[in-house]
Undergrad: 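Dropping the structure in here first, questions after.
In each ligand, atom 1 is the first atom listed, and ligand 1 is the first ligand listed. Small disclaimer: the values here were computed from a predicted structure and weren't measured.
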Amino acid sequence: MRKNIVAGNWKMNTTLQEGIALAEEVNEALAGRKANCDVVICVPFTHLASIAAKINQEKLGLGAENCADHEKGAYTGEVSAPMVASTGATYVILGHSERRQYYGETAETLRAKVALALENKLTPIFCIGEVLEERENNKHFDVVKAQIEEGLFNLSAEDFGKIILAYEPVWAIGTGKTATADQAEEIHAFIRKTVAEKYGQEVADNTSILYGGSCKPSNAKELFAKPDVDGGLIGGAALKCADFMGIVDAF
Ligand code: PGA
């Protein structure tokens, strides 16, 4: 059956020294706990190798927040999937709404990134979600379905089985405005049905679908209690160990 997962997305926060200290704090907090979910932190590229050397990845997974859509070559400033893998990281967030919005990521670039991530044995945490206007016009189901179809449905069932999905309504990210647990469940169930129609019920039942968008200790329990919400992708609240652990403890 599918895993419950709490993954932190640090975004462009923390210097290397601050990041190492935070990762060590989270690592320490997990060492003294029996978490009822997998726990992952996705951190800036610059921090990966140093943090990999400091944490116990059996209890705390490590990932990048992006990778390039090419394997290597003349792409100044980019960081490839093999480079990420060579640091010891095993996850990568792909298609975050901030990357789609500010860096022009398209379904085509995302398909290339997903393929390279999988080739390099990185587990993609693939983000989907609608903007406020789309929700207000009741387009969120269509938008999310198209993002999944265009970004992922070229994969074999075996490869799709390696993907973690993260539903993040853009209007809830960093705004303090969370989707209600019922809103989250409604669309998570729809996402699972969409996956089932393509790959069958077993693959759909084994797919972890995380919720992201102002998830915090005070609302995590209610969200995670829903049958199709398998955990969270956590931005702001992942930057404080106590808050992050409060969310982990919601399981
Ligand atoms: P937030 O971010 O928890 O700060 O809303 C979530 C995300 O963007 O992954």
Undergrad: Should the proximity of Ala172 to ligand 1, defined as any heavy atom under 4.0 Å, be assigned to the side chain, the backbone, both, or neither?
TA: backbone
Undergrad: Closest non-hydrogen protein atom to atom 3 (O) of ligand 1, residue and atom name please, with distance?
TA: Gly235 N, 2.9 Å
Undergrad: For ligand 1, which atoms sit closer than 4.0 Å to a heavy atom of His96?
TA: 7 (C), 8 (O), 9 (O)
Undergrad: Under 4.5 Å between any side-chain heavy atoms of Ile128 and Ile148, yes or no?
TA: yes
Undergrad: Go through Lys11 and Glu98 one step at a time and tell me if the side-chain contact (heavy atoms from CB on, under 4.5 Å) criterion holds.
TA: CA-CA 9 Å; Lys11 308 194 179 185; Glu98 288 150 16; 2.8 Å; yes
Undergrad: Under 6.0 Å between ring centres: does that hold for Phe224 and Tyr211?
TA: no
Undergrad: Answer with yes or no whether Lys11 contacts ligand 1, where contact means a heavy atom under 4.0 Å from a ligand atom.
TA: yes
Undergrad: Would one find an N or O of Gly174, backbone or side chain, under 3.5 Å from an N or O of ligand 1?
TA: yes
Undergrad: Please confirm whether Ile173 comes within less than 3.5 Å of ligand 1 when only nitrogen or oxygen atoms on both sides are compared.
TA: no
Undergrad: When you compare ligand 1 with Thr175, is there at least one nitrogen or oxygen pair between them that comes in under 3.5 angstrom?
TA: no
Undergrad: Does Lys240, at its NZ atom, have more than 12 non-hydrogen atoms belonging to other residues, nucleotides or ligands within less than 6.0 Å?
TA: no
Undergrad: Any atom of ligand 1 sitting under 4.0 Å from a heavy atom of Ala237?
TA: no
Undergrad: Using the ring pair (Phe, Tyr, Trp, His ring centres under 6.0 Å) rule, collect all pairs that involve residues 71-113, keeping only residues at least two apart or in two chains.
TA: His70-Tyr75
Undergrad: Does a side-chain N-to-carboxylate-O contact under 4.0 Å join Asp249 and Lys221?
TA: no
Undergrad: Can you find a non-hydrogen atom of Gly213 under 4.0 Å from ligand 1?
TA: yes
Undergrad: Around atom 7 (C) of ligand 1, find the nearest protein heavy atom and jot down its residue, atom name and distance.
TA: Glu168 OE2, 3.1 Å
Undergrad: Would you call the rings of Phe160 and Tyr199 parallel, tilted or perpendicular, taking 30° and 60° as the class edges?
TA: parallel
Undergrad: Please state which protein non-hydrogen atom is closest to atom 4 (O) of ligand 1 and give its distance, to 0.1 Å?
TA: Gly236 N, 2.8 Å
Undergrad: Can you tell me how far apart CG (Asn13) and CG (Leu239) are? Round to the nearest 0.5 Å.
TA: 5.0 Å
